[in-house]
Amino acid sequence: MATTAKGPVAVEDVNVTFEDQQKINKFARNTSRMTELKSEIEAKKKSLQNLQDASDELMMLGDDALLIPYQIGDVFISHTQDETQEMLEAAKEGLEQEVRGLEEQVSAIQQVLGDLKVQLYAKFGNNINLEADES
């Protein structure tokens, strides 16, 4: 039988109050929300890159008289190159604003999580793990 040379691990018995449980729940909800927001930001950044690629391709076209199909909802509508370029720019600006708004929300949530971590680690020490799994 193998034995390890680890010293005794002291686990403090800390009472969890209702307020502590509320803080832990708030931490979990905010962590989950932040994960959702980050994935939404990534999706919007990918859409933004697609719009930028479409805009670049449109600039490379030499024929100004060519009508360009632009998807609005489920329908493609043909526009001139200039109109399509303007629509792409407007869509990019809208997405950039959405990304900035989401990033502000993530920043606010990170602030709340930081405050909660300080409070919870102060009470529970090593008896609580508030670090995200990176797997």
Item to complete: Answer with yes or no whether the side chains of Asp115 and Gln119 bring together a donor and an acceptor at under 3.5 Å.
Response: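 No, no side-chain donor-acceptor contact under 3.5 Å.
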Worksheet item: Is it the case that Ser47 and Asn50 place a side-chain donor and acceptor less than 3.5 Å from each other?
Response: no
So, for [X] and [Y], which heavy atoms are closest and what is the spacing to 0.1 Å?
X: Leu120; Y: Ile128; answer: O-CG2, 4.2 Å
X: Phe27; Y: Leu130; answer: CZ-O, 3.4 Å
X: Leu48; Y: Lys92; answer: CD1-O, 3.5 Å
X: Ile109; Y: Arg33; answer: CD1-CG, 3.6 Å

Practice prompt. Could I get the full list of side-chain hydrogen bond (donor to acceptor under 3.5 Å, both in side chains) partners for Asp53, not counting sequence neighbours?
Written response: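 With neighbours one apart ignored, the set is Gln49.
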Item to complete: For Gln71, check side-chain hydrogen bond (donor to acceptor under 3.5 Å, both in side chains) against everything at least two apart and list the hits.
Response: none
Would you give me the side-chain donor-acceptor pairs under 3.5 Å for residues 97-105, sequence neighbours excluded?
| from | atom 1 | to | atom 2 | distance (Å) |
| --- | --- | --- | --- | --- |
| Glu98 | OE1 | Lys44 | NZ | 2.6 |
| Glu103 | OE2 | Lys45 | NZ | 3.4 |

To the nearest 0.5 angstrom, please state how far the [atom1] atom of [X] sits from the [atom2] atom of [Y].
X: Glu86; Y: Ser55; atom1: CD; atom2: OG; value: 11.5 Å
X: Leu51; Y: Glu96; atom1: CG; atom2: CD; value: 9.5 Å
X: Leu58; Y: Leu88; atom1: CG; atom2: CG; value: 6.5 Å
X: Asp56; Y: Met59; atom1: CG; atom2: CE; value: 6.0 Å
X: Thr84; Y: Glu89; atom1: OG1; atom2: CD; value: 12.0 Å

Worksheet item: Is it the case that one hydrophobic cluster holds both Leu95 and Leu37, taking links as side-chain heavy atoms less than 4.5 Å apart, direct or via other members?
Response: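 No; tracing contacts between hydrophobic side chains, which count when under 4.5 Å, never links both residues.
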Worksheet item: Are Leu66 and Phe76 co-members of a hydrophobic cluster defined by side-chain heavy atoms under 4.5 Å apart?
Response: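 No, because Phe76 and Leu66 fall into different hydrophobic clusters, even though each may have its own neighbours under 4.5 Å.
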Close side-chain approach of [X] to [Y], heavy-atom, < 4.5 Å:
X: Ile72; Y: Met87; value: yes
X: Phe18; Y: Asp20; value: no
X: Val16; Y: Phe124; value: yes
X: Ile77; Y: Tyr70; value: no
X: Val106; Y: Gln110; value: yes
X: Asn25; Y: Gln22; value: yes
X: His79; Y: Leu67; value: no
X: Ile68; Y: Thr80; value: no

Practice prompt. Spell out, as yes or no, whether a donor-acceptor pair under 3.5 Å connects the side chain of Ser39 to the backbone of Glu36.
Written response: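 Answer holds: yes.
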Item to complete: Go through the steps to decide whether Lys123 and Lys23 satisfy the test side chain to side chain contact (heavy atoms under 4.5 Å, CB included), and finish with yes or no.
Response: CA-CA 12 Å; Lys123 176 150 187 185; Lys23 289 177 185 177; over 6 Å; no
